[in-house]
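Everything below concerns the one structure shown next.
Atoms within each ligand, like the ligands themselves, are counted from 1 in listed order.
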Amino acid sequence: MIIAIDGPAGSGKSTIAKIVAEKLHFRYIDTGSMYRSVAWKSLQKKVTLGDEDAVANIARETKIELVPGENGQSVFIDGENITSQLKEETISRGAAIVAAQPIIREIMTAKQRELGKQGQVVMDGRDIGTVVFPQADKKFFMDADPEERGRRRFTELKDKKQIANADLVTIIEQVKQRDQEDRNRKIAPLKQAEDAILIDTTHLSIDQVVEQIMKTINSGP
Ligand code: DC
């Protein structure tokens, strides 16, 4: 069984996907972390993010391991645990750039299909229900107002003390800009699959969203 959860940044999909996976005893896979990993390694190697061939080489040669862990998933790149670095703003920006490149998407999609082949997974991303697993058993598309998503991101950064000189207004602008990039890119843009269930999380608690998803899953095919 494959459960696809797509949606924009701050829609709550990672938090929810993690909990749903836990409840089902499924594996949780955060595909955004794969694009972030490619950006991280490219920046480490001082590769220009817009240089698709060079970034593609990085994507091919880098060993990205997603290890189920205490906080859902830990990410190891060539054996090094870099999980805590992946949410930094430079990486977020870099990930959006590399995620718009067709070759990178092809490489990542293949890896994601490989990971999903074993089944029993909850996979979150932008194109899981549309491109990676169009035949997923259950598809959800989570969304929320950009202002609310910005507030969530701001709180998350503050909690992690990663907010050196950003403010809420800036973060909301960044969220909107990332939306534009994800929704308007030519390849695998962020969009709701026709057969996905839309959940607007703006005014819902985490528990309410989880309950809604679990109900749908338990209601059978
Ligand atoms: O979910 P996230 O913020 O960690 O994703 C990081 C970037 O990768 C973001 O710009 C969207 C992109 N992404 C994508 O294009 N396709 C996916 N399946 C997952 C993420």
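The nearest heavy-atom contact from the protein to atom 20 (C) of ligand 1 is Gly32 CA, 3.5 Å. Closest to atom 12 (C) of ligand 1, if we only count protein heavy atoms, is Ala99 CB, 3.7 Å. Nearest protein heavy-atom neighbour of atom 6 (C) of ligand 1: Arg36 NE, 3.7 Å. Looking only at protein heavy atoms, the nearest one to atom 1 (O) of ligand 1 is Arg126 NH1, 2.8 Å. The nearest heavy-atom contact from the protein to atom 18 (N) of ligand 1 is Asp127 OD1, 2.8 Å. Considering only non-hydrogen protein atoms, atom 8 (O) of ligand 1 sits nearest to Tyr35 CB, 3.7 Å. Closest to atom 7 (C) of ligand 1, if we only count protein heavy atoms, is Ala95 CB, 3.7 Å.
Relative to atom 10 (O) of ligand 1, the option among Ile187, Asp182, Ile91, Thr31 with the closest non-hydrogen atom is Asp182.
For the pair Arg149 and Gly10, the tightest heavy-atom approach, listed with the atom from each and the gap, is CG-O, 3.2 Å.
Close contacts between ligand 1 and Lys13 involve ligand atoms 1 (O) [criterion: under 4.0 Å to a heavy atom]. For ligand 1, the atoms lying closer than 4.0 Å to a non-hydrogen atom of Ala96 are 10 (O).
By the 4.0 Å N-to-carboxylate-O rule, Glu173 lies too far from Arg178 to be salt-bridged with it. Of the charged side-chain nitrogens involved, none lies within less than 4.0 Å of a carboxylate oxygen, so that Asp30 and Lys18 do not count as a salt-bridged pair. Salt bridge annotation for Arg185-Glu181: absent, with no cationic side-chain nitrogen under 4.0 angstrom from a carboxylate oxygen. Ion pairing of Arg126 with Asp6 is absent here, as no side-chain N (NZ or NE/NH1/NH2) approaches a carboxylate O to less than 4.0 Å. For Lys41 and Asp78, the salt-bridge test passes: some basic side-chain N is under 4.0 Å from an acidic carboxylate O.
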(message) Is there a salt bridge (charged side-chain N to carboxylate O under 4.0 Å, His left out) between Arg183 and Asp143? Walk through the geometry before answering.
(response) CA-CA 13 Å; Arg183 288 183 203 268; Asp143 210 345; 3.8 Å; yes

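Heavy-atom distances between Arg185 and ligand 1 reach below 4.0 Å in at least one pair. Within the structure, the closest approach of Arg105 to ligand 1 falls below 4.0 Å when heavy atoms are considered.
Among Thr170, Val175, Ile171, Ile172, the single residue meeting the side chain to side chain contact (heavy atoms under 4.5 Å, CB included) criterion with Phe154 is Ile171.
Contact check for Leu198 versus Met142: no side-chain heavy atoms found under the 4.5 Å cut-off.
Of the polar atoms of Asp30, none of the N or O atoms is found under 3.5 Å from an N or O of ligand 1, judged by distance alone.
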